[in-house]
Amino acid sequence: MSAQNSAGIQTLLDAERDASKIVQKAREYRTKRVREARDEAKKEIEAYRAKKEEEYKKFEAEHTQGNKAAEEEANKEADAQIAKIREAGKKNQDKVVADLLEAVFNPRPEPISA
């Protein structure tokens, strides 16, 4: 009977050892799978980020060109207005100076009405 008990105990120990190996392999597989999933997620995130960055650059390029054209047009208009003002200033410069000198050297006092 002792040999049977010893054989039964040995069988149980072998089964426990096998179960322990199976559990260990399952843990290793789970750890490996978690790492793989994390790496896959990182790759997906990076691909998504690159896609959105490309879309943003395209959008920015399209809208910046329109802004540059509008800015150039505004600058042309401003330059034209400045040229007109300078021309008017040159045209009437002598008269303005003469009027100022006349007002300084020949004042005309006027009563202030209340």
**Report entry** K95 with D99: basic N within carboxylate O range, under 4.0 Å
**Finding:** yes
Query raised in the report: Should the pair E46-R49 be classified as a salt bridge under the 4.0 Å nitrogen-to-oxygen rule?
Result: yes
Query raised in the report: If you round to the nearest 0.5 Å, how far is CD of E40 from CD of E44?
Result: 7.0 Å
Requested in this report: Please assess K32 against R35 for the test side-chain contact (heavy atoms from CB on, under 4.5 Å), listing each intermediate value before the final yes or no.
Outcome: CA-CA 5 Å; K32 178 183 171 189; R35 283 190 190 123; 5.6 Å; no
Query raised in the report: Ignoring hydrogens and geometry, is there a side-chain-to-backbone donor-acceptor pair from S20 to E16 under 3.5 Å?
Result: no
Report task. Find the distance between CD (E36) and OH (Y29) and round it off to the nearest 0.5 Å. Result -> 7.5 Å
Requested in this report: Could you check Q81 against E77 for side-chain hydrogen bond (donor to acceptor under 3.5 Å, both in side chains), going step by step and ending with a plain yes or no?
Outcome: CA-CA 6 Å; Q81 291 293 330; E77 289 177 15; over 6 Å; no
**Report entry** Gap separating the CG atom of D14 from the CD1 atom of I9, nearest 0.5 angstrom
**Finding:** 12.0 Å
Query - Beyond-backbone contact of E102 with R108, side-chain heavy atoms, under 4.5 angstrom - result: yes
Query raised in the report: What distance do Q10 atom CD and R17 atom CZ have between them, rounded to the nearest 0.5 Å?
Result: 6.0 Å
Requested in this report: Considering only NZ, NE, NH1 and NH2 on the basic side and carboxylate oxygens on the acidic side, decide whether K58 and E55 come within less than 4.0 Å.
Outcome: no
**Report entry** L100 CG to F105 CZ distance, which is reported to the nearest 0.5 Å
**Finding:** 11.0 Å
Requested in this report: Enter the distance from E28:CD to K25:NZ here, rounded to the nearest 0.5 Å.
Outcome: 8.5 Å
Query - Hydrophobic cluster membership, V104 vs V96, 4.5 Å side-chain cutoff - result: no
Query raised in the report: Does a salt bridge link K51 with E54, judged by any charged N lying under 4.0 Å from a carboxylate O?
Result: no
